[in-house]
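We count ligands from 1, going down the list as the structure has it; atoms in each ligand are counted the same way. Sequence positions, counted from 1, serve as the residue numbers for this chain.
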Amino acid sequence: MESLTSSRTPCCLLGLVVLSALTFSPTLAIEVYTDREVHGTVGSKVHLSCTFWSSEWISDDISVTWHYQPDNSRNTYSIFHYSKGQAHIDDTGIFKERIEWVGYPRSKDGSIIVHNLDFSDNGTFTCDVKNPPDVVGKSSYVHLLVYDKGPVRAGMVLGIIIGAALGLVILVAILAYLIRYCWLRRQIRVQRELSALERGKLHKLSKSLKSGRQAPLLSMLDQTRSFKSSDKKKGSGDSRRK
Ligand SMILES: *[C@@H]1O[C@H](CO)[C@@H](O)[C@H](O)[C@H]1NC(C)=O
């Protein structure tokens, strides 16, 4: 009994240490996640996703801020801010009337949509989240590249390639069928000719046996008649013989 309690004590101690480490650890802070890179085409929109994880409950004082830094520029602009349950969309700067708030901080989502993209929008967007008292943590950034309808053209090219490939397959199938059909027909014709020739030969043989002097060409030209007549001849010959 004594040994059992003594083995339990370190276990409880360990649990206490883990619990205190979880509560007071300075490594536990807010974590923000975005994509690394997003692509868009001129005139279209792009979804800039931002999610986060906090060791604290989501408080009413949670705030989300988006910054923008154009490529080849050192300036950084605050383009969006959410705090005290209110979204503040910048309505004077570069993204004037082009930003839509689609986040839901209670579900750890701070995403925005940028509408009507322009070539000059290439740049870095940074998402920053503070969840007091959990305010320590790194922000996350996403790089936006705007293309000149390139992906649309690429899609069209892909469609044409797929269409051409399908057409080729159908063409080959039809060709194969036609070749097979012709071959079969030829085969039947050859067979018929062969059997006809065979019959002709037999007939010629029988004819030459009966009346050896007739021209072979004539007998070949009028096979059926000569066949019948030879039958008659044969019949009469038989009767004569009788
Ligand atoms: C934005 O980036 C794309 C892709 O790299 C490029 O084609 C385009 O020219 C850039 N726009 C500007 C204004 O530099």
Please determine, by modelled atom types, if Ser120 and Asp118 share a side-chain donor-acceptor pair under 3.5 angstrom.
-> yes
Do Asp109 and Ser111 get their side chains close enough for a donor-acceptor pair, meaning under 3.5 Å?
-> yes
Does a side-chain N-to-carboxylate-O contact under 4.0 Å join Asp121 and Arg98?
-> yes
Below 4.0 angstrom, N of the basic side chain to O of the carboxylate: do Arg106 and Asp60 qualify?
-> yes
Nearest protein heavy-atom contact for [atom]: which residue, which atom, what distance?
atom                    : answer
atom 4 (C) of ligand 1  : Tyr147 CE2, 3.5 Å
atom 5 (O) of ligand 1  : Leu145 CD2, 3.8 Å
atom 13 (C) of ligand 1 : Phe119 O, 3.5 Å

Before signing off on this row, confirm whether Asn122 and ligand 1 have an N or O atom pair separated by under 3.5 Å.
-> yes
Considering the heavy atoms of Val146, write down every atom of ligand 1 situated less than 4.0 Å from one of them.
-> 1 (C), 2 (O), 3 (C)
For ligand 1, note which part of Asp148 has a heavy atom under 4.0 Å away: side chain, backbone, both or neither.
-> neither
Could you walk me through whether Ser139 and Lys130 pass the side chain to side chain contact (heavy atoms under 4.5 Å, CB included) test, one step at a time?
-> CA-CA 10 Å; Ser139 48; Lys130 304 260 179 272; over 6 Å; no
